[in-house]
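Note that the structure is a prediction, hence the values are computed from the model and not measured. Both counts, for ligands and for their atoms, begin at 1 and track the order of listing. Residue numbers run from 1 in the order of the sequence given.
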Amino acid sequence: MNIDVKPAPASAGMLLEPPLLARVGVIGAGQMGNGIAHTFALNGFPVTLIDVSTDALARARSTIAGNLDRQVKKGVIEAGAKEPALARITDATDVSAASEAALVIEAASEDPALKFRLFAALDEVVGPQTILATNTSSISITEIAGRTRRPQRVIGMHFMNPVPMMALVEVIRGLATSDATTATVTATPVHTAAPLRIASARFMCQTTNHAIGTRIREKMERAAKTSI
Ligand SMILES: NC(=O)c1ccc[n+]([C@@H]2O[C@H](COP(=O)([O-])OP(=O)(O)OC[C@H]3O[C@@H](n4cnc5c(N)ncnc54)[C@H](O)[C@@H]3O)[C@@H](O)[C@H]2O)c1
C-alpha cells in the first residue's frame, strides 16, 4: 500500500507532529547512511549518525553539506534549510549513542556477522519500544531479528541510492515483524525531491535483485513456518 504523502517544505513544523518518530539513529555513515541521515535531518528529525570510522563520519558530513548545497541550487529546498539540517545530525562512534532513538536504521557494511553483532548490541542499548530497521540488500530480516529480544520490532527499510533523490523505500517484514511496527514505519513521512517516500514491499518491483531475493526468502521462510 502506498502512503500518499505530499511533499512539504523541509522546515515544516508539521513533520514533527505525532505519531511521527522522534530521534533517529543511523548506523553506518557510508553511501547509504549519509543519504538516510541527510533525508531524515532535512525533514526535521534529530539524527544520531554512528560509524566506527571517524573519517567516514567526516566524509559523510561533507557529502551531506555538498548535497544540501546542490538541492538549494536546484531549488529543491530553501537556502535556509541547509544549516538547520546539518545541525540536527550528531556524530558518534559507538552504538550506545543510539540509546535515545525511537527508530534506528542500520546501514553498515553488507556483512551478516557484522549486522548480527550490531543488532544484538543495539537491542541492549535502545529502549524497549525502539524499532530497529536494516537497510540490508540481501540478508534475511528474520535472521537479523533473531539476534534481538524484539523480533517484532525489527524490519527491513531498503532505501534506494541516492537516498535524498529517490521516492521509494522498500519495507520488508521479517517473520516476526508486527503490524504495529510496519504501520509506524510506513506512516513516517520523509519527503525527498520526489513526491512519495514509503511503500510496502509487496507492491514494489523497483528495487535491486538482491533486495528482491531478500523479499522472496522472507516469503519462503513465512511459508515454511506456516506449513509446519
Ligand atoms: N550502495 C547502495 O546502492 C545500496 C543500496 C541499498 C542498500 N544498500 C545496503 O546498505 C548498507 C550500506 O551500504 P553502503 O553502500 O552505504 O556501504 P558503505 O561501504 O558505503 O558504508 C558502510 C559503512 O559502515 C561502516 N561500518 C562498518 N562497521 C560498522 C560498525 N560496527 N558500526 C558502525 N558502522 C560500521 C563503515 O565504516 C562504512 O562507513 C549495506 O547493507 C548495503 O547492502 C546499499
Can you name the salt bridge (charged side-chain N to carboxylate O under 4.0 Å, His left out) partners of Asp69, sequence neighbours left out?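 Residues passing salt bridge (charged side-chain N to carboxylate O under 4.0 Å, His left out) with Asp69: Lys82.
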
Quick one: list whatever passes salt bridge (charged side-chain N to carboxylate O under 4.0 Å, His left out) with Glu110, sequence neighbours left out.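 In terms of salt bridge (charged side-chain N to carboxylate O under 4.0 Å, His left out), with neighbours along the sequence ignored, Glu110 is linked to Lys115.
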
Any side-chain donor-acceptor pair under 3.5 Å between Ser96 and Asp94?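 Yes, because at least one side-chain N or O of Ser96 sits under 3.5 Å from a partner of the opposite role on Asp94.
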
Between [X] and [Y], which heavy-atom pair has the shortest distance, and what is it?
X      : Y      : result
Ala108 : Leu118 : CB-CD1, 3.7 Å
Leu49  : Gly33  : CD1-O, 4.1 Å
Thr142 : Leu175 : OG1-N, 2.9 Å
Arg173 : Ser178 : NH2-C, 3.5 Å
Arg147 : Glu143 : NH1-O, 3.2 Å
Ala97  : Thr48  : O-CG2, 3.6 Å

Can an N or O of [X] be found at a distance shorter than 3.5 Å from an N or O of ligand 1?
X      : value
Glu106 : no
Lys115 : yes
Asp51  : yes
Met32  : yes

Can you sort out which atoms of ligand 1 are near [X], meaning under 4.0 Å from one of its heavy atoms?
X      : answer
Phe159 : 5 (C), 6 (C)
Thr136 : 41 (O)
His158 : 6 (C), 7 (C)
Leu114 : 27 (C), 28 (N), 31 (N)

Location of contacts on [X] toward ligand 1, heavy atoms closer than 4.0 Å:
X      : answer
Ile139 : neither
Ala56  : side chain
Val52  : both
Met160 : neither

Hey, looking at [atom], which of [options] has the closest heavy atom?
atom                    : options                       : value
atom 11 (C) of ligand 1 : Gly28, Pro112, Ala108, Ala92  : Ala108
atom 41 (O) of ligand 1 : Met166, Gln31, Met157, Glu110 : Glu110
atom 10 (O) of ligand 1 : Leu122, Val169, Asn135        : Asn135
atom 7 (C) of ligand 1  : Gly35, Ser137, Ala29          : Ser137

Show your working on side chain to side chain contact (heavy atoms under 4.5 Å, CB included) between Glu106 and Thr134 and close with a plain yes or no. CA-CA 5 Å; Glu106 174 276 315; Thr134 175; 2.5 Å; yes

